[in-house]
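Notes to accompany the following structure.
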Protein chains: 2
Amino acid sequence: MLSKTCEYAVRAMIYVAQNSQNGQMVNIKKIAEKIGSPELFIGKILQGLSKRGFLQSSKGRYGGFYINDNDAKHSLADIVIAVDGDKIFKGCGVGLDYCSEKKPCPIHSEYKTARNQLFNIYKSATLEQFKSLKGSELVMLKRK
Amino acid sequence: MLSKTCEYAVRAMIYVAQNSQNGQMVNIKKIAEKIGSPELFIGKILQGLSKRGFLQSSKGRYGGFYINDNDAKHSLADIVIAVDGDKIFKGCGVGLDYCSEKKPCPIHSEYKTARNQLFNIYKSATLEQFKSLKGSELVMLKRK
DNA sequence: CTTAATTCAGATAAATTTGTCTGAATTAAA
DNA sequence: TTTAATTCAGACAAATTTATCTGAATTAAG
Ligand code: SF4
Ligand code: SF4
């Protein structure tokens, strides 16, 4: 399961991607409102991702965040790993440090398959894909 | 991803199940040592599960915990849900409150499939299965 | 140039999860 | 019956995650 920080990050990135067409950008206030997160918190999160090059920011009045064509190539998995690390995609089903392929437990093989599948889902879902969902097909990114 | 509490719980339950043959029981100290958890913490966790009927306890000197044939029918999913709730098996891939089947996002359908598969894995892995793994085939339940 | 709105940086605070302490109750063995 | 080892209950503490505050730097518009 994703951390709250990571959930906010993914939802925000999707929202920003969807609202970055031709020079458009969005500010923290709007983002927080749309994804249902604390304003200052998602601010911090995006500032971090921005520093690491996952999205662009523009300071000063009328500034905000946006995602260019290159940024939009990132997958949800990229974001998840950037924020939460890869434990969710690589970790053991019962919390052991390393998957002991030598002496696998009963669930090991199946668990690994399911985990890989989960990874593939997040990995093949790019921001670009979400970007192309417009208007009525726009996903509701706010909880409840 | 499971909480630490839940990981300890699952590993402990597996260990207790594996060491509950014909009247045998194990105490907290031994369990903690074998699964690599803080002693008092796994104590608290098992006391909770015991109250809820997931395993049996015997107080006083030479007491400890054990899992009877009926308890051993429980699946890992039962334990996970008891400790962490079912969010991990039912929740949304990006942290929304409810899966909106009406307007699904691009990952919805696949995500749901993977999530269900994960559930089935934990659900079909019973303590009984682990119990039958003895001796050299015994799983290493300690981290690292 | 001034102003207002924004990102940014670093400190702080609140909430939750994880872990510990203390002592009471229980029990089997000696 | 005494003793030692255990579970149990409830309070407490530490660590981590989540969230907020404060003020500085930046920038476009007027
Ligand atoms: S064999 Fe099972 S318990 Fe061991 S690392 Fe793999 S998933 Fe985890
Ligand atoms: S459609 Fe996607 S975002 Fe919406 S609830 Fe389902 S998994 Fe979550």
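Excluded from the calculations below are hydrogen atoms, water molecules and symmetry mates; all remaining heavy atoms, backbone and side chain alike, are included. Numbered from 1 within each chain, the chains take letters A, B, ... in sequence-line order.
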Whole Å only: how far is the [atom1] atom of [X] from the [atom2] atom of [N]?
{"X": "B:L55", "N": "D:dT7", "atom1": "CG", "atom2": "P", "value": "11 Å"}
{"X": "A:I45", "N": "C:dA9", "atom1": "CD1", "atom2": "C1'", "value": "16 Å"}
{"X": "B:D84", "N": "C:dT17", "atom1": "CG", "atom2": "P", "value": "9 Å"}
{"X": "B:M25", "N": "D:dT7", "atom1": "CE", "atom2": "P", "value": "10 Å"}
{"X": "B:R52", "N": "D:dC8", "atom1": "CZ", "atom2": "P", "value": "14 Å"}
{"X": "A:K51", "N": "C:dC8", "atom1": "NZ", "atom2": "P", "value": "9 Å"}
{"X": "B:I31", "N": "D:dC8", "atom1": "CD1", "atom2": "P", "value": "11 Å"}
{"X": "A:K4", "N": "D:dT16", "atom1": "NZ", "atom2": "C1'", "value": "15 Å"}

Inset, instruction - Treat primed atoms plus P, OP1 and OP2 as sugar-phosphate and everything else as base, then score nucleotides 20-30 of chain D 5' to 3': B for base contact with protein heavy atoms under 4.0 Å, S for sugar-phosphate contact only, - for none. - result: BB----BBSS-
Does any N or O in the side chain of [X] come within less than 3.5 Å of the main-chain N or O of [Y], such that one atom is a donor and the other an acceptor?
{"X": "B:S20", "Y": "B:I67", "result": "yes"}
{"X": "B:R115", "Y": "B:G91", "result": "yes"}
{"X": "B:Q129", "Y": "B:S124", "result": "yes"}
{"X": "A:Q18", "Y": "A:F130", "result": "yes"}

Phosphate-side-chain proximity, [X] and [N], N/O vs OP1/OP2 below 4.0 Å:
{"X": "A:S50", "N": "C:dT7", "answer": "no"}
{"X": "A:T5", "N": "D:dT18", "answer": "yes"}
{"X": "A:Y8", "N": "D:dA19", "answer": "yes"}

Inset, instruction - With a 4.0 Å heavy-atom cut-off, tell me which residues in residues 63-71 of chain B come close to DNA chain C, sorted by residue number. - result: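 Here the set is empty: none.
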Legend entry - Touch class at under 4.0 angstrom, heavy-atom based, for B:L46 against every strand present: nothing
Inset, instruction - Kindly give the cluster partners of A:M25, where membership spreads through any ILVMFWY side chain lying under 4.5 Å from a current member. - result: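 Its cluster partners, ordered by chain and number, are A:Y66.
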Legend entry - Pairing of A:D78 and A:K73 as salt bridge, 4.0 angstrom limit: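 A salt bridge is absent here (no side-chain N lies under 4.0 Å from a carboxylate O).
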Legend entry - salt_bridge(B:D84, B:K4) N-O dist < 4.0 Å: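 No.
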Legend entry - Output field: ring centroids B:Y122/B:F89 closer than 6.0 Å: yes
Legend entry - Nucleotide nearest A:N27 when distance is taken to its side chain, options C:dT6, D:dT7, D:dA19: C:dT6
Inset, instruction - First locate atom CE of A:M13, then atom CZ of A:F65, and finally report the distance between them rounded to the nearest 0.5 Å. - result: 10.5 Å
